[in-house]
Amino acid sequence: MMRGALGGPRVLLRRLREVMAEPVSAQERLDRIVVLIAANMVAEVCSVYVLRADGTLELYATEGLNRAAVHLTTMRAGEGLVGLIAETAEALNISDAQTHPRYSYKPETGEEIYNSFLGVPILRAGNTIGVLVVQNSARRTYSEEEMEALQTTAMVIAEMVAGGELEALANPASGGTALRRPLMLTGVPIAEGVGLGHVVLHEPRIVIKNMLADDPAQEDRRLEEALLALQASIDVLISGDGLGPGEHREILETFRMFAHDRGWLRRLREAIASGLTAEAAVERVQSDTRAKLLRQTDPYLRERLHDFDDLANRLLHQLTGEAFTLAAGSLPENAILVARAMGPAALLEYERSRLRGLILEEGGATSHVAVVARALGVPCVGEVQGITSLVEQGDAIIVDGSAGDVQVRPQSTVEASYAEKARMRARRQEQYLALRDQPAVTRDGVAIDLQMNAGLLVDMPQLSEVNAAGIGLFRTEILFMVAPSMPRAEAQEALYRAILQSAGGRPVTFRTLDIGGDKILPYMRKVEEENPALGWRAIRIGLDRPALLKAQFRAILKACAGRTARIMLPMVATVDEYRQAKAMVERERAYLAKHGHPGPRDVKLGAMLEVPALLFDLEAVLKAVDFISVGSNDLMQFLFAVDRDNRRVSGRFDTLNPAMLRALANIARMASEAGKPVTVCGEMAGRPIEALALLALGYRQLSMSPAAIGPVKAMVLGTDLGAARAAIGTMLGDCDGCASLRSKIAAYAEANNITV
């Protein structure tokens with residue numbers, strides 16, 4: 001046991017607190033800490049190694065070794081006993097260090113006379129940022145109490161590193177400490193644009209100002225009270241009506257299981273017994289758990305990492321009384337919001353003028369929040385692994401929503417490059433804005449109808465800003481996503497009427513609820529399905545739950561009083577499904593007339609063509625519908641049997657694959673022959689090179705995000721459509737099993753000065 005000159009672990013922690021408060025330089029503070037530890041633990045050596053940005057470990061301070069070696073001795077990650085601790089994030093306690101197979105001799109330190117070795121990792125959010133070591137010449141095994149005290153001291157040093165206090169000591173050639181090193185991360189592009197700013201964590205970390213306890217018994221009581229309150233709050237949510245059905249209940253059931261886990265509770269109490277405050281104990285156990293789970297190869301165990309993180313964060317907020325998420329009104333200028341996961345309603349609460357970007361650890365291009373990010377024009381990247389544990393509040397950061405790249409703490413040259421990219425994008429937007437009042441007509445006089453996709457009232461001002469011909473796709477489900485409970489018919493009607501008023505006389509096509517699959521409403525019970533994309537979703541839910549669809553039809557029809565109501569049905573797979581929905585619309589029109597409610601002047605009911613079955617029943621479909629809209633995202637997914645949310649296969653096939661183009665060409669031809677309007681409203685319509693192909697295939701109506709209208713219009717104005725149709729038709733005819741026409745169409749556009 002420790003019976004050192006300074007009186008044991010309690011005295012060590014008290015003296016550490018005094019050293020941390022002294023107005024001295026970072027090096028002097030670190031030097032005093034190692035002297036203090038060595039004296040207290042009756043150790044002949046105490047050394048601190050810090051992980052550098054270049055991946056090596058550098059000796060930052062020592063008592064007992066040759067001090068001339070400080071900032072000179074380095075070792076590679078994994079080299080020696082210190083490197084082994086950094087690699088495994090686990091403590092190492094051995095009585096004869098020199099016989100260990102990983103021992104590495106550094107002659108400049110003079111450590112060859114020391115045998116006993118105790119080293120612990122210095123951790124931050126589970127990531128190793130350094131190693132703390134004590135050594136003795138006598139062969140001995142250090143006690144559990146000594147190891148506990150050393151781990152507690154490592155937490156104090158971790159705060160020094162995290163706070164940037166040691167940056168001034170770093171060798172300039174090393175790039176600084178690993179915790180502050182620049183990182184280039186890659187995720188899934190969600191919303192285009194480049195944002196430069198500073199990190200704002202959606203769920204801010206609790207900053208623990210007091211790590212060392214005055215009264216461990218009092219800290220134990222505080223922990224017990226917070227745990228009981230946390231457990232009770234989870235029990236109330238699960239047993240009461242406040243949560244509602246759905247996957248949130250399953251998440252909280254997992255929380256409840258972990259919140260009562262005896263092993264977790266024991267480790268928390270042991271950390272407090274070592275001299276930590278309740279908050280510091282939670283952070284200590286959380287960091288240790290993260291370190292272990294991050295190094296697991298079992299995917300199930302790695303998935304539990306988020307559960308433990310969420311639970312620990314909830315407990316910290318219970319202890320401190322701080323809000324679990326950032327107050328939207330407190331958003332600083334040039335904020336880049338970073339979140340593990342986020343709902344669409346939460347994003348809408350933030351002030352758009354201060355928000356420069358959004359980065360998500362979870363959530364891909366089809367998530368609810370992704371739809372809202374695109375609607376708000378916020379550059380966004382999703383599925384950036386570990387981002388919330390790799391950044392600190394206020395870090396400089398860049399998000400490139402077009403490429404899916406994230407630059408954390410970028411170097412000045414990188415920042416300058418992205419700043420220029422942002423300026424170039426802004427200049428292009430100004431050029432597109434100058435085209436606002438020009439009709440979208442090709443060089444050979446063919447008029448193209450460029451419409452806008454929308455889903456929120458906040459989208460509507462952009463209709464005039466980009467001078468779109470109308471709303472080709474209004475996603476009604478977003479209202480349901482952001483609402484805490486099922487919106488009543490009156491609320492739906494009010495929104496639809498407001499949308500129509502904002503649109504002026506321009507047409508608006510309302511798509512009925514496209515929910516299910518990956519779009520689960522917060523208050524909707526999740527149906528477990530083997531393949532949700534092919535499951536109970538969209539029109540299938542509406543026909544099986546007719547009250548839901550009838551209420552939406554009635555709200556749209558009442559909102560469209562005196563106008564033409566344009567309604568589009570998603571995920572239609574058979575003509576019979578369309579006819580069932582049409583019969584419901586006719587009954588609702590009759591109901592309104594019978595009860596004296598003003599109805600629409602006319603109703604146009606269309607279907608989204610996204611299920612391949614309709615490709616083989618197009619003649620019957622076109623006889624039944626008033627119009628069709630091609631949902632290119634889902635059509636592509638189903639045509640190639642590729643899950644667009646699965647990164648392993650989502651990029652495997654190109655939208656400009658001949659099979660896709662031939663299917664699209666057939667739709668356009670048959671719709672033209674039947675005299676039925678056809679629009680493409682998927683992402684394909686908003687990319688100039690794909691849009692050029694669509695025009696060549698015969699499409700004259702495209703609907704896209706507001707930001708895409710300028711680039712697509714520029715392409716339209718520079719295109720001789722007759723020539724393009726002939727050229728692309730020849731490419732398609734000559735293609736014998738080729739994977740894509742993209743390069744050929746791009747070469748044609750470049751040769752003919754068409755901006756794509």
Side-chain angles (χ1 to χ4, degrees), residues 9 88-91 120-128 144-145 147-152 154-155 158 203 205-208 210-213 216-239 248-322 324 340-341 361 386 388-389:
T88 62
E90 292 181 0
V120 298
I122 301 171
L123 299 172
R124 178 72 172 179
N127 298 305
T128 302
E144 286 291 327
E145 189 177 1
M147 186 183 297
E148 193 76 30
L150 203 62
Q151 288 172 324
T152 299
M155 283 190 69
E203 295 178 355
R205 293 195 194 97
I206 296 295
V207 178
I208 300 174
N210 184 16
M211 301 188 66
L212 308 174
Q218 172 64 17
E219 295 303 315
D220 205 52
R221 286 192 293 273
R222 289 182 62 234
L223 176 67
E224 190 66 29
E225 290 170 2
L227 279 167
L228 289 173
L230 174 65
Q231 292 166 351
S233 67
I234 295 172
D235 290 343
V236 167
L237 278 173
I238 291 174
S239 61
H248 290 67
R249 181 179 297 276
E250 297 167 16
I251 293 169
L252 286 175
E253 287 283 9
T254 304
F255 283 162
R256 177 155 65 181
M257 180 182 70
F258 288 141
H260 289 81
D261 180 75
R262 291 183 180 180
W264 185 62
L265 301 178
R266 175 180 51 77
R267 290 194 298 275
L268 289 173
R269 294 189 175 103
E270 287 174 352
I272 287 177
S274 75
L276 294 176
T277 60
E279 292 90 341
V282 175
E283 184 173 282
R284 158 87 171 276
V285 174
Q286 180 186 17
S287 194
D288 289 346
T289 303
R290 275 191 64 87
K292 289 180 175 65
L293 292 178
L294 281 170
R295 288 158 179 81
Q296 292 291 331
T297 55
D298 186 332
Y300 174 80
L301 291 175
R302 285 182 65 89
E303 285 173 11
R304 301 283 67 77
L305 175 62
H306 290 321
D307 296 327
F308 276 113
D309 273 349
D310 283 344
L311 186 63
N313 290 338
R314 286 173 182 271
L315 184 54
L316 281 171
H317 286 84
Q318 193 77 48
L319 281 164
T320 61
E322 293 187 24
F324 193 68
R340 183 170 70 82
E361 193 164 320
T388 52
S389 65

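Excluded from the calculations below are hydrogen atoms, water molecules and symmetry mates; all remaining heavy atoms, backbone and side chain alike, are included.
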Criterion side chain to side chain contact (heavy atoms under 4.5 Å, CB included) on Val120 and Glu90, from CA distance to verdict: CA-CA 7 Å; Val120 298; Glu90 292 181 0; over 6 Å; no

query: Nearest heavy-atom pair of Ala89 and Ala291: which atoms, and what distance?
result: CB-CB, 3.8 Å

message: What verdict does the side chain to side chain contact (heavy atoms under 4.5 Å, CB included) test give for Ile272 and Thr277, after you've listed the backbone C-alpha separation in whole Å, the side-chain angles of each residue and the deciding distance to 0.1 Å?
response: CA-CA 6 Å; Ile272 287 177; Thr277 60; over 6 Å; no

message: Check this for me: Glu144, atom CD, are more than 12 non-hydrogen atoms of other residues, nucleotides or ligands nearer than 6.0 Å?
response: no

- line: In this structure, CG of Leu230 is separated from CG of Leu315 (nearest 0.5 Å) by 6.0 Å

- request: For Arg269, check salt bridge (charged side-chain N to carboxylate O under 4.0 Å, His left out) against everything at least two apart and list the hits.
  value: Glu224

query: With sequence neighbours left out, what residues match Asp220 under salt bridge (charged side-chain N to carboxylate O under 4.0 Å, His left out)?
result: none

- request: Show your working on side chain to side chain contact (heavy atoms under 4.5 Å, CB included) between Thr289 and Arg267 and close with a plain yes or no.
  value: CA-CA 10 Å; Thr289 303; Arg267 290 194 298 275; 4.2 Å; yes

field: Distance, nearest 0.5 Å, that separates CD of Gln318 from CG of Leu223
entry: 11.0 Å

query: Hey, are the side chains of Ile122 and Met155 touching, using non-hydrogen atoms and a 4.5 Å cut-off?
result: no

message: Does either side chain, that of Ser287 or that of Arg124, offer a donor lying less than 3.5 Å from an acceptor on the other one?
response: no

task: Return the minimal non-hydrogen interatomic distance between Ala312 and Gln286, and the atom names on each side.
output: CB-CD, 3.5 Å

field: Heavy-atom side-chain contact between Ser389 and Arg290 under 4.5 Å
entry: yes

- prompt: Can you check whether Ala278's main-chain N or O pairs, donor with acceptor, with Glu219's side chain at less than 3.5 Å?
  reply: yes

field: Carboxylate-amine/guanidinium proximity below 4.0 Å for Arg222 and Glu225
entry: no

- prompt: Does Glu361 have any side chain to side chain contact (heavy atoms under 4.5 Å, CB included) partners at least two apart in sequence or in another chain, and if so, which?
  reply: His306, Arg340, Ile387, Thr388

query: Are Asp288 and Arg284 within salt-bridge range, i.e. N to O under 4.0 Å?
result: yes

- prompt: Is the closest side-chain heavy-atom distance between Gln151 and Leu123 below 4.5 Å?
  reply: no

query: Can Glu270 and Arg266 be said to form a side chain to side chain contact (heavy atoms under 4.5 Å, CB included), step by step?
result: CA-CA 6 Å; Glu270 287 174 352; Arg266 175 180 51 77; 3.2 Å; yes

query: Is the closest side-chain heavy-atom distance between His317 and Glu203 below 4.5 Å?
result: no

